[in-house]
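Note that the structure is predicted; figures quoted are calculated from it, not measured. Throughout, protein chains are lettered first and strands after them, A, B, ... in sequence-line order, and every chain is numbered starting at 1.
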There are 2 protein chains.
Amino acid sequence: MEDQELRKAGLKVTLPRVKILQQLEDAAERHMSAEDIYKALLDAGADVGLATVYRVLTQFEQAGIVIRHNFEGGSAVFELANEGHHDHMVRVDTNEVIEFVDPEIERRQRAIAEQHGFELVDHKLVLYVRAKKS
Amino acid sequence: MEDQELRKAGLKVTLPRVKILQQLEDAAERHMSAEDIYKALLDAGADVGLATVYRVLTQFEQAGIVIRHNFEGGSAVFELANEGHHDHMVRVDTNEVIEFVDPEIERRQRAIAEQHGFELVDHKLVLYVRAKKS
DNA sequence: ATGAATGCAAAAACTTTGCATGACG
DNA sequence: CGTCATGCAAAGTTTTTGCATTCAT
């Protein structure tokens, strides 16, 4: 199953790669740092090096399998690219990532690009939020 | 002149702080990394430590004098906040950066954060565009 | 078999921090 | 003068790389 995705990307089907892919698919949290994935795999009894996790994630990114986000707060996080487009809300107090889509914003973005005589190719929107003060 | 801005922020008017502020004001490129600023000051004959540049930039950020961006590519970059909030449009064909503000998007962002029970602390929006195909 | 992938440790890149010295108000 | 700020060096973080070994095809 995941094997196809790897082969299609010209990557050998190795245990670390399959495990990392599965981890990203199965994890409760869609957005994981390299360290998160590494620890999860260790907990699951897999013998994978952190360096390999970084290497594999970089390869996955280049192959379009994952998307890397440079949110605030130290480390980059990765998510599978297989879902449709969405934007992100990041809780600055917990680093929790929440996904959302707002048609109105999407529409305005296209309109703005249009107004400037451009075609919208892509965009990145991140809202940094925190629990409301009571 | 810059002294006022520093005093207003409750920061002592020291040589390093003034020089860093001037550097950000005078530089051709509005977006500079700590290292960029450090090297520029060295070239200008100023005797400032890199650690001080980092410390001062962090203080400036907290005081709202500069904005820190965690773009791709290693180091964070800083820009003066004196121009008021704006988002960025980047031409993927020329790398030209265009600034814009859309009140409707700003409003939707606050509404979305609100709907999720959060307070909007900050946001980053980048539109990647290119000239329309003829 | 052979070339790619891995794990480990070391290094690199970026940023923060401890501490003695020096500068600001 | 009493702090607060600075510079340097050392330590922290996150990510990358060198190299011998192991694995996939």
Nucleotides 19-25 of chain C: protein proximity per nucleotide (B base, S sugar-phosphate only, - neither; heavy atom, under 4.0 Å): -----BS
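- Residues satisfying the salt bridge (Lys or Arg N to Asp or Glu O under 4.0 Å) criterion with A:D93, sequence neighbours excluded, are A:R91.
- Distance, A:E72 CD to D:dT14 P: 14 Å, rounded to whole Å.
- The separation between B:I37 atom CD1 and C:dT15 atom P is 11 Å, rounded to whole Å.
- To the nearest angstrom, P of C:dA13 lies 16 Å from OH of B:Y38.
- Taking the centre of each ring, B:H69 and B:H88 come in below the 6.0 Å mark.
- In this structure, A:H69 places its NE2 atom 18 Å from P of D:dT14, rounding to the nearest Å.
- The CG atom of B:L57 sits 15 Å away from the C1' atom of D:dT6 (whole-angstrom rounding).
- Scanning for salt bridge (Lys or Arg N to Asp or Glu O under 4.0 Å) contacts around A:K124 gives B:E72, with sequence neighbours left out.
- The distance from atom CD of B:Q59 to atom P of C:dT17 is 12 Å, rounded to the nearest whole Å.
- Using a 4.0 Å cutoff on non-hydrogen atoms, the parts of residues 46-54 of chain B near DNA chain D are B:D47, B:V48, B:G49, B:A51, B:T52, ordered by number.
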Output side-chain donor-acceptor pairs under 3.5 Å for residues 112-120 of chain A, partner residues at least two apart or in another chain, one line each.
| unit_1 | atom_1 | unit_2 | atom_2 | d |
| --- | --- | --- | --- | --- |
| A:E114 | OE2 | B:K132 | NZ | 3.0 |
| A:H116 | ND1 | A:I112 | O | 2.9 |
| A:E119 | OE1 | B:R130 | NE | 3.3 |

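- Counting only residues at least two apart or in different chains, salt bridge (charged side-chain N to carboxylate O under 4.0 Å, His left out) contacts with residues 45-56 of chain B are absent.
- Grouped by direct or indirect side-chain proximity (heavy atoms under 4.5 Å, Ile/Leu/Val/Met/Phe/Trp/Tyr only), B:I65 sits with B:L6, B:L11, B:V13, B:V18, B:I20, B:L21, B:L24, B:M32, B:I37, B:Y38, B:L41, B:L42, B:V48, B:L50, B:V53, B:Y54, B:V56, B:L57, B:F60, B:V66, B:F78, B:L80.
- Annotation: salt bridge (charged side-chain N to carboxylate O under 4.0 Å, His left out) contacts involving residues 56-71 of chain B, sequence neighbours excluded, comprise B:E61-B:R68.
- Residues that satisfy the salt bridge (Lys or Arg N to Asp or Glu O under 4.0 Å) test with B:E29, not counting sequence neighbours, are absent from this structure.
- Across every non-hydrogen atom of B:G64 and B:A81, the tightest pair is O-CB, 3.3 Å.
- With side-chain heavy atoms closer than 4.5 Å counting as contact, directly or through intermediates, the hydrophobic cluster containing A:V90 also holds A:F71, A:V77, A:V92, A:V97, A:V126, A:Y128, B:V121.
- Atom CG of A:D36 and atom C1' of D:dT13 are 15 Å apart (whole Å).
- For DNA chain C, the neighbouring residues in residues 16-28 of chain A, judged by any heavy atom under 4.0 Å, are A:P16, A:R17.
- At a threshold of 4.0 angstrom between heavy atoms, the contacts of A:A76 are confined to the sugar-phosphate backbone, with no base atom among them.
- Checked against salt bridge (Lys or Arg N to Asp or Glu O under 4.0 Å), B:D87 has no partners two or more places apart in sequence or in another chain.
- The CG-P distance, from B:N70 to D:dT15, rounds to 11 Å in whole Å.
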